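Note sheet for the following structure.
Computed from a prediction, not measured in an experiment: that's the story for all the values here. When a ligand or atom number is given, it counts from 1 through the structure's own listing order.
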Amino acid sequence: MVSPAQVPDVVLNNGVTVPQVGLGVFKVPDDATQQNVEQALESGYRHIDTAAGYYNEAGVGAALRASGLRRDEIFVTTKLRNGDQGYESALQAFEDSREELDVEVVDLYLVHWPVPSKDLYVETWRAFEKLYADGAARAIGVSNFLPEHLARLLAETDVVPAVNQIEVHPTYQQRATQAATRAAGIAVEAYSPLGRGADLDHPAVAAVADAHGVTPAQAILRWHVQSDRIVIPKSVDPERLATNIDLFGFELSPDEVAAIDALDSDARLGSDPATAAFSQYPS
Ligand SMILES: NC(=O)C1=CN([C@@H]2O[C@H](COP(=O)(O)OP(=O)(O)OC[C@H]3O[C@@H](n4cnc5c(N)ncnc54)[C@H](OP(=O)(O)O)[C@@H]3O)[C@@H](O)[C@H]2O)C=CC1
Ligand SMILES: O=C(O)C(=O)[C@@H](O)[C@H](O)C(=O)CO
């Protein structure tokens, strides 16, 4: 087990701190989520990333209650479903998430996707600003926001997002979006940080992993950590779960970081934020 104290905190632009490595639970069925999160907490994780659209917030909440840890020892992120964008509907959806999670306060609440075709993300952000002002969310942020979406939010609203959670892995690095995010003082959080497993077999990754006697996943996750990104790998395998956070006993050289940087090849795995418009309600 990694001691939670070994995992560095990232200080967000409002002073709230978040453990740099967290557990993502996308695609973990609700009835398996409690066990997954409990195992993660035992392995040293203190940061969990879920979403209303993952339909497993209740499992996360059950693990929080069963853990015996104080609520303020675990950082919980959840996200607004695309179909709930809009001022009143976002406020109601937040209440629903709070109930599912069984928490008073959400640590980080994200607008899951911009859905520009609906043109509701500015109005939605106003609701997020209210939740933040009320203290119901300790930090508010966005996900899948491209530079143009960030620019509009910055121009038309008051609270600068604390986080932009975007797809980043060795073969898809979104450098322009990372740069625009950081330029606005917003932390970059990498989702699908292992390329959903697809980047693990790359020979350049294997070479770095072999040099340090670690797994390819550890090599990639250490690359994220040294590149100042918050990172939220998913694993339901207890051994992989444990090693994915065991990143603080080795360090990549600048050449090794550069070797992984060089794998960028525009290999997006997820949806395109410029056009994605799915509602995230079960069909
Ligand atoms: N905001 C957004 O739009 C999005 C957010 N996310 C968030 O990011 C999180 C992580 O992204 P995700 O897409 O799940 O992909 P990841 O890059 O985290 O990859 C997960 C896959 O890699 C496997 N894996 C994990 N660790 C290892 C390891 N050490 N060795 C070999 N295989 C491994 C997992 O299998 P196994 O479980 O069997 O170990 C799973 O198949 C999500 O769970 C979610 O919280 C993800 C997508 C979009
Ligand atoms: O995992 C997420 O957080 C996502 O938003 C997406 O992966 C989404 O749910 C999806 O699968 C779109 O194709």
Side-chain angles (χ1 to χ4, degrees), residues 18 21-30 32-33 35-37 39-40 43 45 47-57 59-60 75-85 97 108-115 141-146 149 161 163-174 177 181 188-202 205-206 209 214-224 229-247 267-283:
V18 51
V21 184
L23 173 74
V25 294
F26 178 46
K27 288 200 170 153
V28 183
D30 192 33
T33 299
Q35 186 184 34
N36 184 216
V37 173
Q39 286 170 343
S43 299
Y45 292 79
H47 167 189
I48 310 297
D49 181 89
T50 183
Y54 299 171
Y55 300 94
N56 58 16
E57 290 171 311
V60 172
F75 190 98
V76 179
T77 300
T78 193
K79 315 186 191 85
L80 178 78
R81 271 189 301 247
N82 295 343
D84 288 327
Q85 284 205 24
S97 281
L108 176 62
Y109 195 41
L110 301 179
V111 179
H112 206 144
W113 292 82
V115 199
V142 295
S143 178
N144 295 296
F145 272 46
L146 297 174
H149 310 129
V163 163
N164 189 13
Q165 184 184 115
I166 54 173
E167 180 179 343
V168 181
H169 46 88
T171 58
Y172 189 64
Q173 296 180 29
Q174 296 210 70
T177 299
T181 299
V188 175
E189 179 166 29
Y191 79 64
S192 301
L194 305 173
R196 299 186 178 170
D199 287 359
L200 294 170
D201 295 331
H202 204 291
V205 171
V214 298
T215 67
Q218 286 172 300
I220 291 176
L221 293 168
R222 181 70 206 185
W223 166 77
H224 283 289
R229 287 184 288 272
I230 302 166
V231 69
I232 46 169
K234 172 260 177 190
S235 181
V236 292
D237 177 277
E239 178 69 30
R240 294 200 280 260
L241 189 64
T243 52
N244 285 352
I245 197 169
D246 186 5
L247 307 174
R268 186 176 62 224
L269 299 167
S271 302
D272 181 352
T275 54
F278 51 88
S279 74
Q280 296 173 316
Y281 285 100
S283 51

Look at ligand 1 and say whether Asn144 reaches it with a heavy atom at a distance under 4.0 Å.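 So Asn144 counts as touching ligand 1.
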Contact with ligand 1 for Pro193, non-hydrogen, under 4.0 angstrom: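 Contact present.
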N or O contact, [X] vs ligand 1, cut-off under 3.5 Å:
X	answer
Asn244	yes
Lys79	no
Val236	yes
Ala217	no
Ser143	yes
Phe26	yes

Can you tell which of His169, Gln165, Gln280 gets a heavy atom nearest to atom 5 (C) of ligand 1?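 The residue whose heavy atom sits nearest atom 5 (C) of ligand 1 is Gln165.
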Close-contact set for ligand 2 against Gln280 heavy atoms, below 4.0 Å: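 By the 4.0 Å cutoff, the relevant atoms are 5 (O).
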So if I count the atoms of ligand 1 from 1 in the order they appear, which ones are less than 4.0 Å from some heavy atom of Trp113?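 Atoms satisfying the 4.0 Å criterion: 3 (O).
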Atoms in ligand 1 with a heavy atom of Pro233 nearer than 4.0 Å: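 Here the atoms of ligand 1 in question are 18 (O).
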Which part of [X] is near ligand 1, with near meaning a heavy atom under 4.0 Å away: side chain, backbone, both or neither?
X	answer
Leu200	side chain
Ser192	both
Leu241	neither

Taking atom 9 (C) of ligand 1 as the reference point, the nearest protein heavy atom with its distance: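 Result for atom 9 (C) of ligand 1: Ile232 O, 3.1 Å.
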Given salt bridge (charged side-chain N to carboxylate O under 4.0 Å, His left out), test Asp49 with Lys234 step by step and report yes or no. CA-CA 9 Å; Asp49 181 89; Lys234 172 260 177 190; over 6 Å; no
